[in-house]
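Data first, discussion second: the structure below is written as structure tokens.
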2 protein chains.
Amino acid sequence: MKDFTSTPSPVKHIAEPTVRRLSGYLRFLEAFDAEGHETISSGELARAGGTTSAQVRKDLSFFGSFGKRGLGYGVKDLIASLREILGLDTRWPVVIVGAGKIGAALAQYRGFGTHGFDVVGIYDTDPSRVGTHLNGVTVRADGDLEGDIAALTPRIAVLCVPGEAAQAALDRVVGAGIRAVLNFAPTSLVAPEGVTVRAVNMATELEVLAYALTNESRD
Amino acid sequence: MKDFTSTPSPVKHIAEPTVRRLSGYLRFLEAFDAEGHETISSGELARAGGTTSAQVRKDLSFFGSFGKRGLGYGVKDLIASLREILGLDTRWPVVIVGAGKIGAALAQYRGFGTHGFDVVGIYDTDPSRVGTHLNGVTVRADGDLEGDIAALTPRIAVLCVPGEAAQAALDRVVGAGIRAVLNFAPTSLVAPEGVTVRAVNMATELEVLAYALTNESRD
DNA sequence: GGGTGCTTGTGAAATCCTTCACAAGCTACT
DNA sequence: AGTAGCTTGTGAAGGATTTCACAAGCACCC
């Protein structure tokens, strides 16, 4: 049995649902830690994350062995391990493209910073927004985007532009070297191989709910 | 072979990824229709939605038979069918709980209304926000929540409260009869059986991207 | 120091989802 | 009317993920 205490191994391909759950465990553990708990069992973690204890253990087992049999997991240790697994042991510079309602709301969102992500630039085409300040970062002109990406080397871009402008915005940030994008525009985007795009789409979420309500013939 | 032209059958359990994709197809088809296209093939739809043509056809086949062999799908017909499948042939009243940055941004989001969802109420505990207007809806006092839900019978609640308040907000709307919730708070919530909760969690999305960037040793 | 009670880690089984591959069916053209 | 060229709809195969079930391991107590 290998000792993975200090280096979770990335090893093989991990399914996205697994990564999402790990993120959820981390979120809950942070709150649990703040409440002063020292240890947690896979069962408790499962209940909080809406899954099963076997799932929790399997998810973690891909990366190593973090618990103590009979006892559970050390809360602080597991937090540290999950941070390392998810790549949160460094800070990630992020640019936001679009300073409208959503872009502005995001820029002012505190959790951004407290979770390891630093907003290093916000860009907008509207001259009346350029120069305004959002949570300490000045909105810059759209045209500065490429130059700033080259200079500040953010790894992640968050797109908060209208749907019609989203594909063009994606192409620009990808052209400038960005390989990971979070898209808030209600359009599905095509990206070249090697670029990860995640979408947050309110319409889709609401439609999933509408579908669920429409088909309550479940039991 | 049955004729399902006017009534897509809800029939058996459909996987959530399928429903999400259907929503994505609908979004793309609306844009495609606006460009004046009459028909579309499963291959074109697949490219736009980031999937395969077989997947598109399989997704649709759960609900009936909507295309013409050799030709593809009628864009307007398919839009109508997808709307019906997703339960968008009626309008859905929605309440927003929390009128902070995110709640306010959502309330002013136009796409809400154009996709069949009507914001019928926004609630906040902060007296300085109560009485302000957001896109034609007046922010009401937190205490009015239960009474308004009883009176206006919204089926969906969108939670935009801070993490610490999210579980309590969920319990309240569920108590008042809501069975579908979209949670923007960065906390995972526990809901009773029969209540559908979907979460939009920025931290998780960013962490999935961080994980992807950290493990680029793929190919 | 051995027993008891609890919880992890993990192969194997089961379930779920996606991809394959091809018959069926439509249109256009000769 | 027959043929050629596309594209759908769908069983069946293949892969992936989740669940099961149990041996292994730790702490506490007598």
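Taking every heavy atom of both residues into account, Thr51(A) and Tyr25(A) meet most closely at CG2-OH, 3.8 Å. For Ala191(A) against Val197(A), the heavy-atom pair with the smallest separation is CB-CG2, 3.6 Å.
Atom CD in Gln55(A) sits about 11 Å away from atom P in dT17(D), given to the nearest Å. For the pair Lys58(B) NZ and dC22(C) P, the computed distance is 16 Å after rounding to whole Å. Distance CD (Glu16(B)) to C1' (dT18(C)): 17 Å, rounded to an integer number of Å. Distance CG (Asp77(B)) to P (dT8(D)): 14 Å, rounded to an integer number of Å. Per the geometry, NE2 belonging to His13(B) stands 13 Å off C1' belonging to dT15(C), to the nearest Å. We find that CG of Leu60(A) is positioned 15 Å from C1' of dT18(D), with the value rounded to whole Å. One can place CG of Asp59(B) at 13 Å from P of dT10(D), the figure rounded to the nearest angstrom. Taking atom CZ on Arg57(A) and atom C1' on dC6(C), their separation rounds to 12 Å, with Å as the unit.
Tyr123(A) is not listed as a side-chain neighbour of Val161(A), based on a closest heavy-atom distance of 4.5 Å or more. Inter-residue side-chain proximity for Phe28(B) and Ile40(B) is flagged as met; some heavy-atom pair is nearer than 4.5 Å.
Ionic pairing of Glu16(A) and Arg198(A) is present here: one or more N-O contacts between side-chain nitrogen and carboxylate oxygen are shorter than 4.0 angstrom. The existence of a salt bridge linking Arg83(B) and Glu207(A) is excluded, since no basic side-chain nitrogen approaches an acidic carboxylate oxygen closer than 4.0 Å.
Counting non-hydrogen atoms under 4.0 angstrom, Thr52(A) reaches the backbone sugars and phosphates but no base.
Heavy atoms of other residues, nucleotides or ligands lying less than 6.0 angstrom from CD of Glu38(B) number 12 at most.
Taken to the nearest 0.5 Å, the CG atom of Leu26(B) stands 8.5 Å off from the CG atom of Leu78(B).
Taking the salt bridge (Lys or Arg N to Asp or Glu O under 4.0 Å) definition, one finds that Asp89(B) meets it with nothing, sequence neighbours left out.
The side chain of Ser42(A) places an N or O atom within less than 4.0 Å of a non-bridging phosphate oxygen (OP1 or OP2) of dT8(C).
Note that the two end axes of the helix from dG1(C)-dC30(D) to dT30(C)-dA1(D) enclose an angle of 0°, each drawn from 5 base pairs, rounded to 10 degrees.
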*How does each nucleotide of nucleotides 23-30 of chain C score, in 5' to 3' order, for protein heavy atoms under 4.0 Å: base (B), sugar-phosphate only (S), or none (-)?*
BBBBS---

